[in-house]
*Asks:* 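Have a look at the structure that comes next, please.
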Amino acid sequence: MPHRSGRHFLQIPGPTNVPDRVLKATSYPTIDHRGPSFATLGRKVLDGLKTIFGTEHDVVIYPSSGTGAWEAALVNTLSPGDRVLMFETGHFGSLWADLAGRLGLDVELVPGDWRSGVHPDTVEARLSADEQHTIKAVAVVHNETSTGVTSNIPAVRVAMNRAEHPALLMVDTISSLGSIDYRHDEWGVDVTVGGSQKGLMLPPGLGLNAISEKAKRAYESATLPKAYWDWLAMWESNPAGFFPYTPPTNLLYGLSEALDMLLGQGLETVFARHARHAEATRQAVQAWDLELLCQVPEEYSNTLTAVCVPDGHDADALRSVILDRFDMSLGAGLSKLAGRVFRIGHLGDLGDLTLLGTLSGIEAGLRITGIPHREGGAGAAIRYLADNP
Ligand SMILES: *Cc1c(COP(=O)(O)O)cnc(C)c1O
């Protein structure tokens with residue numbers, strides 16, 4: 001590939017830009033994963049992740065994609081034929097449901113419009129109707145990365161409590177963890193699923209579970225087959241800082257560095273930065289007179305914004321022009337949204353000028369492709385960021 005001067009803009013909603021500090025840390029020499037230095041690293045990252053998840057209970061780290069951590073959440077707590085209530089919030093909600101079905105679970109998928117989040121009233125109604133308590137888990141995607149919609153997890157918990165239903169609550173936070181406020185313990189979540197390559201600013205390759213005491217009890221009677229994903233092996237090794245098999249040592253170096261960065265700033269600061277960048281992005285979209293995919297303002301995502309292109313225009317052509325001319329990657333519309341939306345990732349390691357560069361590149365791309373819009377979106381974002389430090 002010919003050299004392109006300047007930095008590539010990786011503005012997809014994950015994997016995100018990996019800060020130089022983290023990249024450098026991943027290049028340290030690999031060490032003996034059964035030696036004392038590793039134990040210190042292992043304990044540090046497991047402990048730091050508890051703060052990120054907002055839990056005092058167990059966290060496990062797999063060398064895996066987020067998909068692996070989805071599977072781990074289910075196979076460690078459920079048995080063949082168990083009913084699971086899931087939600088078609090978009091592409092990722094649908095994929096998790098599909099995976100659950102293939103594991104032999106009886107999935108009840110609540111249809112969705114891909115433009116809004118999980119409705120707590122639906123949760124309450126479905127659970128109240130289940131008088132025999134045959135539904136064993138409710139599984140929700142916190143931040144649906146295909147649509148830019150964030151569901152209200154505390155409201156889902158309240159709905160479950162009102163139905164007085166004992167199902168486990170499982171939440172996918174792969175594109176919100178470390179970017180949008182999230183509290184595993186306080187919100188009464190039983191298994192939280194995470195990944196390394198989005199808000200945690202790491203390369204892909206780590207799958208995460210945070211596990212409540214109730215989920216731990218469910219583990220005792222769960223009979224879905226499990227081997228690689230078995231929590232027990234982790235519980236036996238992790239307290240000493242070790243893993244049951246060769247850990248992804250260099251990614252853990254990166255995680256250690258990322259934790260220092262996130263916890264050093266303070267999570268509140270990190271969440272506020274994402275909220276501010278998301279608002280600046282929406283101001284730009286509004287100024288362009290383009291439509292947001294998310295139709296519920298309280299559910300606007302702080303980590304990505306999905307933008308609709310007018311009928312008869314192709315979002316993928318726009319993305320390809322922007323990549324070609326300005327060396328910037330934007331997120332594609334997934335499955336039924338292909339060609340109809342583009343997604344702006346504004347999570348992870350991001351400064352004001354990175355965001356303004358991103359929005360400027362999009363505005364230039366809109367001009368080149370002739371997609372109908374008003375000029376001045378980047379300017380609107382400049383005003384917002386300048387006026388709201
Ligand atoms: C990225 C993402 C996934 C998939 O993660 P992989 O690492 O690709 O398996 C699942 N859920 C959500 C919400 C995501 O954003």
Side-chain angles (χ1 to χ4, degrees), residues 10-18 52-53 60-75 84 86-103 109 112 114 116-118 138-153 156 169-182 184 189 191-210 228-229 248 251 254-255 258 274 278 293-294 299-306 329-335 337 341-348:
L10 182 65
Q11 298 311 133
I12 60 176
T16 62
N17 293 293
V18 180
I52 300 284
F53 278 107
V60 303
I61 305 172
Y62 297 103
S64 80
S65 66
T67 303
W70 267 348
E71 178 161 336
L74 299 170
V75 296
V84 186
M86 303 181 92
F87 300 85
E88 190 205 352
T89 44
H91 183 65
F92 291 102
S94 305
L95 282 181
W96 197 8
D98 180 66
L99 182 147
R102 282 182 286 144
L103 289 173
L109 185 65
W114 292 51
S116 59
V118 173
V138 174
V140 178
V141 174
H142 180 214
N143 186 70
E144 176 53 74
T145 320
S146 62
T147 61
V149 175
T150 306
S151 287
N152 185 337
I153 302 303
V156 170
L169 174 58
M170 303 192 186
V171 181
D172 169 349
T173 63
I174 296 176
S175 65
S176 53
L177 190 68
S179 318
I180 299 174
D181 191 13
Y182 186 79
H184 177 89
V189 181
V191 187
T192 301
V193 174
S196 54
Q197 74 271 31
K198 300 184 185 181
L200 297 184
M201 315 179 293
L202 295 166
L206 300 180
L208 312 171
N209 280 171
Y228 184 77
W229 305 114
L251 280 175
L255 175 56
H274 283 86
L293 183 63
C294 178
E299 296 179 333
Y300 287 154
S301 169
N302 283 345
T303 59
L304 79 134
T305 299
S329 298
L330 295 171
L334 297 174
S335 54
L337 298 173
V341 308
F342 64 92
R343 294 174 301 142
I344 308 166
H346 36 78
L347 74 165

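Every heavy atom of this structure was used, including side-chain atoms; hydrogens, water molecules and symmetry mates were not. Counting starts at 1 for both ligands and their atoms, following the listed order.
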*Asks:* Kindly write out the residues that satisfy ring pair (Phe, Tyr, Trp, His ring centres under 6.0 Å) with Trp70, not counting sequence neighbours, or none if the list is empty.
*Replies:*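 Listed in chain order: Trp96.
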
*Asks:* Is it true that a side-chain atom of Ser94 and a backbone atom of Glu88 form a donor plus acceptor pair closer than 3.5 Å?
*Replies:*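 No; judged by distance alone, with no hydrogens or angles, the pair does not exist.
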
*Asks:* Please report the closest heavy-atom contact between Ile153 and Leu169, naming both atoms and the distance.
*Replies:*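 Distance-wise, the nearest heavy atoms are CG2-CD2, 4.4 Å.
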
*Asks:* Do the side-chain N and O atoms of Tyr182 and Thr192 include a donor-acceptor pair separated by under 3.5 angstrom?
*Replies:*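 Indeed, the side chains of Tyr182 and Thr192 share at least one donor-acceptor pair under 3.5 Å.
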
*Asks:* Tell me which residues fall inside the under-4.0 Å heavy-atom shell around ligand 1.
*Replies:*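 Within 4.0 Å of ligand 1, the protein residues are Ser65, Gly66, Thr67, Trp70, Phe92, Val141, Asn143, Thr145, Asp172, Ile174, Ser175, Gln197, Lys198.
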
*Asks:* Give a yes or no on whether the backbone of Thr145 and the side-chain of Arg343 come within a donor-acceptor separation of less than 3.5 Å.
*Replies:*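 Yes: the side chain of Arg343 pairs with the backbone of Thr145.
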
*Asks:* Checking the side chain of Gln197 only, and the main-chain atoms of Leu202 only, is there a donor and an acceptor separated by less than 3.5 Å?
*Replies:*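 A pair under 3.5 Å: no.
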
